[in-house]
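Below is one structure, written out as structure tokens, with a few remarks after it.
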Amino acid sequence: MIAIFKREFKSYYSGMMGWLLTGVLLLFGGLYFTAANLQGGYTNFTIALYSFVIVLLIFIPLLCMRSFSEEKRSKTDQLLLTSPVSIPRIVAGKYLALLAMFAVPVGIMALYPLIMQFLGGADLVASYAGILAYFFMGAACIAVCMYLSVLTENQIIAALSGFGVLLVSYLLPSIQTLFTAGSGIALGAFVVILLAAALVAGLRSRSMVLGAGVFFVGAVLLTVLFSTRSAVLIDAFNAVLSGLALFEPFLEFVNGLFSVNALVYYLSVIGLFLFLTGQALEKRRWN
């Protein structure tokens, strides 16, 4: 695991990619720090961190896009999978290397509250709690994008899919407002989800009859529930959407609160997607 970590971490900084990504994140961090804290007068650095959260939507997919897709493209994954290193250690080594890459600019930005303190005053407790939450949020996003990277051998597809997933997650709080009881938009969304589930069932089983059956049964249940229990259905759907909104728990730290639940949520996301990555690699090993 340590050898994989060293190889991955060194490979990022042996070329321009690692330096470029680190520089871009520090550039935006410095700009928002200057605008929000030095000029705007906010004593909590978390305000600046939240202002450029959207930068992570580009930074993290670009950081993770080559983690496994490049191995698959160059066929070096076959050497990796046939090595005596276990799948969990392979996943952990690559993930820790990505995490260390993200930790470098975050560690440098951790000096900003001290600069504020030197210049006149800062809420150090709230600022460093926000930096901790920001790091955990980024770690969760890295786990998601690393899983997407293991599904393809094309780095561009890995980056675009990572960007798409994180963008949808970022927009979910706004999307949730569209779903109200009896809403035609909600019904349309449920039909699309049902159609996608039926298509996946048909393709996985190689039986379009099964896919059509899944769609028919689902359509009947959806019609009954939407006409009799639409409020319950919408509430349950919004609860699911809330669980998929990766960036929303960070708001509690922006508001000056320390949320253990948010950290547990990010750890759960990390654990889930590292497990899924390991399962995808295990399947490829046996295939």
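Every value quoted in this text rests on a predicted model; they were computed, and no experiment measured them. Values below: every heavy atom of this structure, side chains too, minus hydrogens, waters and symmetry copies.
Residues Tyr147 and Leu274 form no side-chain contact, since every pair of their non-hydrogen atoms from C-beta on lies 4.5 Å or further apart. Residues Met116 and Ser127 meet the side-chain proximity criterion, which asks for heavy atoms closer than 4.5 Å. Side chains of Phe102 and Phe59 form a contact here, defined as non-hydrogen atoms less than 4.5 Å apart.
Taking each heavy atom of Ala262 and Ser259 in turn, the nearest pair found is N-OG, 3.1 Å. Among all heavy-atom pairs drawn from Gly162 and Pro61, the shortest one is C-CG, 3.7 Å. Closest approach of Tyr95 to Ala140, counting heavy atoms only: OH-N, 4.5 Å. A pairwise comparison of heavy atoms in Tyr170 and Val53 identifies CE1-CG1, 4.1 Å as the closest pair. Across Ala110 and Ile131, no two heavy atoms sit closer than the pair CA-CD1, 3.7 Å. Between Ile270 and Ala139, the shortest heavy-atom contact is CD1-CB, 3.7 Å.
Shown here is Phe28, whose CZ atom has no more than 12 heavy atoms of other residues, nucleotides or ligands within 6.0 Å. Open room surrounds OH on Tyr42; 12 or fewer heavy atoms of other groups in view lie less than 6.0 Å from it.
To the nearest 0.5 Å, atoms CG (Leu119) and CG (Leu38) are separated by 6.5 Å. Remark: Met146 CE to Thr277 OG1 distance equals 4.5 Å, nearest 0.5 Å. Met137 CE to Tyr266 OH: the interatomic distance, rounded to the nearest 0.5 Å, is 5.5 Å. To the nearest 0.5 Å, atom CG of residue Leu263 and atom CZ of residue Phe135 are 12.0 Å apart. Atoms OG and CH2, on Ser14 and Trp19 in that order, are 10.5 Å from each other to the nearest 0.5 Å. With values rounded to the nearest 0.5 angstrom, Tyr50 atom OH is found 9.5 Å from Asn255 atom CG.
Thr22 is linked by a side-chain hydrogen bond (donor to acceptor under 3.5 Å, both in side chains) to Tyr13, counting only residues two or more places apart in sequence or in another chain. In this structure Thr34 satisfies the side-chain hydrogen bond (donor to acceptor under 3.5 Å, both in side chains) test with no other residue, sequence neighbours excluded. When the side chain to side chain contact (heavy atoms under 4.5 Å, CB included) test is applied to Val165, the partners found at least two apart in sequence or on another chain are Val144, Leu148. With sequence neighbours excluded, no residue satisfies ring-ring contact (aromatic ring centres under 6.0 Å, His included) with Phe163. Thr46 meets the side-chain hydrogen bond (donor to acceptor under 3.5 Å, both in side chains) test with Asn44; sequence neighbours excluded.
Of the possible donor and acceptor atoms, none in the side chain of Tyr134 sits under 3.5 Å from a partner among the backbone N and O of Val106. Side-chain N or O atoms of Ser161 include one that pairs as donor or acceptor with a backbone N or O of Ala158 at under 3.5 Å. In terms of modelled atom types and a separation under 3.5 Å, the side chain of Ser169 and the main chain of Leu246 share a donor-acceptor contact.
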Phe258 and Leu132: CA distance, side-chain angles, deciding distance, side-chain contact (heavy atoms from CB on, under 4.5 Å) verdict: CA-CA 10 Å; Phe258 187 91; Leu132 177 66; 4.3 Å; yes
Carefully, step by step, assess Arg89 and Lys94 under the rule side-chain contact (heavy atoms from CB on, under 4.5 Å). CA-CA 9 Å; Arg89 288 180 177 271; Lys94 284 184 170 287; over 6 Å; no
Give the C-alpha distance, both sets of side-chain angles, the deciding distance and a yes or no for side-chain contact (heavy atoms from CB on, under 4.5 Å) between Ile115 and Phe118. CA-CA 5 Å; Ile115 295 175; Phe118 177 76; 5.7 Å; no
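Cluster membership for Ile58 and Leu171, using ILVMFWY side-chain heavy atoms within less than 4.5 angstrom, is shared. Under the 4.5 Å side-chain contact rule for hydrophobic residues, Phe45 and Ile54 share a cluster. Cluster membership for Leu20 and Leu57, using ILVMFWY side-chain heavy atoms within less than 4.5 angstrom, is shared. Cluster annotation: Val260 and Phe247 are assigned to the same hydrophobic cluster (Ile/Leu/Val/Met/Phe/Trp/Tyr, side-chain heavy-atom contacts under 4.5 Å, transitive). One hydrophobic cluster, built from ILVMFWY side chains closer than 4.5 Å, cannot hold both Leu27 and Leu25; they sit in different ones.
Applying the side chain to side chain donor-acceptor pair (under 3.5 Å) test to every pair with at least one member in residues 104-126, sequence neighbours left out, gives no pairs at all.
Under the side-chain contact (heavy atoms from CB on, under 4.5 Å) rule, Met101 has a single partner from Leu63, Leu96, Ile60, which is Leu63.
Relative orientation of the Phe52 and Tyr32 rings is parallel, given thresholds of 30° and 60° on the angle between their planes.
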